[in-house]
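The block underneath contains the structure these notes are about, expressed in structure tokens.
Quick note: numbers below take in every heavy atom, side chains included, and nothing from hydrogens, waters or symmetry partners.
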Amino acid sequence: MENEQQKRNAIQEKKEKVHTALVRSEGPEIVEEDLSLKDRLYMSALLRLALSEDMSIIEPPGKVNRILAPKESFVQEIIQTLIDRKIIKVSGKSSLDAFDIRVDEKGKEVVTYQVYNVKYEINMISEDGDYGTLIKRLMYPNPEIFDEEFCYEMWKKIALNESEEYLLYEMRKVGYNFTPGEKTYRVLENLLDRFSTGQIYNIIYRAVAYSTRRYQAKEITKIHAQNSVITSCELQGERAASENWNLKSFSRRKDVPQSIISEVLFNSIMQISTLGFSEVPTKDFR
């Protein structure tokens with residue numbers, strides 16, 4: 001009986017600490033016109049992913065059966081950007097289990113939260129005072145406000161993340177334990193100057209298949225095999241460009257589905273649909 005009471009007291013104490021922390025972290029509501037193009041893209045993707053039916057809450061992103069962005073680091077960036085800009089705030093309706101209380105290096109108690117497991121609320125003022133139309137504008141921003149330079153940079157960013165995501169997918173499939181580094185990013189960025197994401201899928205598939213064959217034939221070690229993949233991608237890209245290969249664009253893989261932010265950018269904003277995957281990123285898309 002005493003233990004039960006202690007548990008209830010501990011839960012109540014945690015609730016109070018979480019509530020106090022959330023109140024302290026609150027900032028003024030953001031004015032709609034102050035949103036940047038990146039804010040609008042990120043917000044559209046997050047709302048389409050996880051807005052509740054009554055539009056009052058953004059459900060925990062980690063508990064939705066869709067992916068927000070191609071890689072976890074990109075997902076983290078989207079959510080953290082919106083939090084840092086005070087466009088969304090952690091909701092007091094979140095599960096208590098999504099919060100942790102720890103002691104920092106100065107001996108002070110700090111309330112932290114699990115980014116993927118808390119609920120969020122929109123911290124904005126509508127320009128016309130109508131919350132419903134605000135949500136509609138946030139979910140479906142006007143494509144005409146997004147200039148070519150912004151779209152091009154985001155196209156390259158999404159394509160780079162999709163290419164890395166597919167590289168890791170193919171590597172894991174054959175049992176490679178590979179962590180991309182700066183060289184991998186530079187190689188993929190260089191390939192995107194000349195090839196579409198679908199064509200880079202093709203290059204990656206060939207590179208992984210070739211290294212796997214050499215490893216299985218005991219020509220090279222497993223470590224050598226997995227480390228040779230990105231070099232093979234680089235060489236294939238150079239040969240394809242210099243020899244004018246007719247490099248086929250792969251289609252998307254069922255096991256590597258298109259993310260919400262990719263759909264929003266290519267379908268709603270740029271209105272190029274599958275060309276965002278099958279064509280080389282360019283500013284001349286309109």
Salt bridge between E13 and K17, side-chain N to carboxylate O under 4.0 Å? yes
Spacing of CG belonging to D193 relative to CG belonging to L188, to within rounding of 0.5 Å: 11.5 Å
In this structure, CD of E53 is separated from CE of M55 (nearest 0.5 Å) by 9.0 Å
Under 3.5 Å side-chain donor-acceptor pair for T81 and D39: no
Taking every heavy atom of R194 against every heavy atom of N190, the minimum-distance pair comes out as NH2-ND2, 3.1 Å
Polar side chain donor-acceptor pair, E59 to S52, under 3.5 angstrom: no
Would you say F178 and V187 are hydrophobically clustered, going by side-chain heavy atoms of ILVMFWY under 4.5 Å? yes
Taking atom types as modelled and ignoring hydrogens, do the side chains of R137 and S126 form a donor-acceptor contact shorter than 3.5 angstrom? yes
Of the options F195, Y205, F277, Y166, which is the one that meets F250 in a ring pair (Phe, Tyr, Trp, His ring centres under 6.0 Å)? Y205
Does atom CD of E33 have more than 12 heavy-atom neighbours from other groups under 6.0 Å away? no
Residue Q12 excluded, over 12 heavy atoms near CD under 6.0 Å: yes
Yes or no on salt bridge (charged side-chain N to carboxylate O under 4.0 Å, His left out) for R253 and E165, after CA distance, side-chain angles and deciding distance? CA-CA 11 Å; R253 293 290 188 263; E165 178 187 41; over 6 Å; no
Test S249 against Y201 for side-chain hydrogen bond (donor to acceptor under 3.5 Å, both in side chains), laying out the working first. CA-CA 7 Å; S249 175; Y201 269 36; over 6 Å; no
Using a distance-only test with no angle check, is there a side-chain donor-acceptor pair under 3.5 angstrom linking K183 and T231? yes
Whether E263 and R66 form a salt bridge (side-chain N of Lys/Arg under 4.0 Å from carboxylate O of Asp/Glu) is what I want to check. yes
Taking all non-hydrogen atoms of both residues into account, name the closest pair between M139 and L47 and its distance. CG-CB, 3.8 Å
Which heavy atom of I220 sits nearest to which heavy atom of Y215, and what is that distance? O-CD1, 3.6 Å
Yes or no on side-chain hydrogen bond (donor to acceptor under 3.5 Å, both in side chains) for E162 and S262, after CA distance, side-chain angles and deciding distance? CA-CA 9 Å; E162 289 182 337; S262 174; 3.2 Å; yes
Passes side chain to side chain contact (heavy atoms under 4.5 Å, CB included), I260 versus I67? Steps please. CA-CA 6 Å; I260 298 290; I67 56 170; over 6 Å; no
Using only heavy-atom distances, determine whether the side chains of N267 and Q271 contain a donor-acceptor pair under 3.5 Å. no
A side-chain contact here means heavy atoms from C-beta on lying under 4.5 Å apart; do I269 and C151 qualify? yes
Can V103 be reached from V111 by stepping across I, L, V, M, F, W or Y side chains whose heavy atoms are under 4.5 Å apart? no
Passes side chain to side chain contact (heavy atoms under 4.5 Å, CB included), E170 versus V174? Steps please. CA-CA 7 Å; E170 286 293 345; V174 296; 5.7 Å; no
Whether the Q216 and R213 side chains hold a donor-acceptor pair (N or O, under 3.5 Å, no angle test) is what I'd like checked. no
Step-by-step side chain to side chain contact (heavy atoms under 4.5 Å, CB included) determination, N202 to R206: CA-CA 6 Å; N202 186 336; R206 290 166 177 252; 2.8 Å; yes
Ignoring hydrogens and geometry beyond distance, is a side-chain donor-acceptor pair present between S232 and R214 at under 3.5 Å? no
Exercise: do Q76 and E72 side chains pair donor with acceptor under 3.5 Å: no
With a cut-off of 6.0 Å (strictly less than), are more than 12 heavy atoms of other residues, nucleotides or ligands near CD of E243? yes
Taking NZ, NE, NH1 and NH2 as the nitrogens, is one of them in R186 or E182 under 4.0 Å from a carboxylate oxygen of the other? yes
Greater than 12 external heavy atoms within 6.0 Å of K14's NZ: yes
Between D130 and G132, the two heavy atoms sitting closest are OD1-N, 2.9 Å
All pairs passing ring-ring contact (aromatic ring centres under 6.0 Å, His included) where residues 93-145 contributes a residue, at least two apart: none
F74 and Y42 aromatic ring geometry - parallel, tilted or perpendicular at 30°/60° bounds: perpendicular
Do you know which two heavy atoms are closest between L247 and Q199, and how far apart they sit? O-NE2, 2.9 Å
Any heavy-atom pair between the side chains of D100 and Q114 that's under 4.5 Å? yes
Salt-bridge test for E29 and K89: reply yes if a basic N is under 4.0 Å from a carboxylate O, no otherwise. no
State whether a side-chain donor-acceptor pair under 3.5 Å links S228 with Y210. no
Quickly, which of I78, L82, D84 forms a side-chain contact (heavy atoms from CB on, under 4.5 Å) with Q80? Name it, please. D84
Over all atoms of both residues, closest heavy-atom pair of I145 and L37: O-CD2, 3.4 Å
Please indicate whether D54 has more than 12 foreign heavy atoms, meaning atoms of other residues, nucleotides or ligands, lying under 6.0 Å from its CG. yes
So CG of N123 and CD1 of I87: to nearest 0.5 Å the spacing works out to 9.5 Å
Decide if atom NZ of K15 counts as having more than 12 heavy atoms of other residues, nucleotides or ligands within a radius under 6.0 Å. no
Should we say atom CZ of R24 is surrounded by more than 12 heavy atoms from elsewhere, each under 6.0 Å from it? no
Apply side chain to side chain contact (heavy atoms under 4.5 Å, CB included) to residues E189 and L160 and explain how you reach the verdict. CA-CA 7 Å; E189 282 179 337; L160 177 63; 4.0 Å; yes
Can you measure from NZ (K157) to CG (L41) and round to the nearest 0.5 angstrom? 10.5 Å
Is it true that E109 and R102 have a side-chain N and a carboxylate O under 4.0 angstrom from each other? no
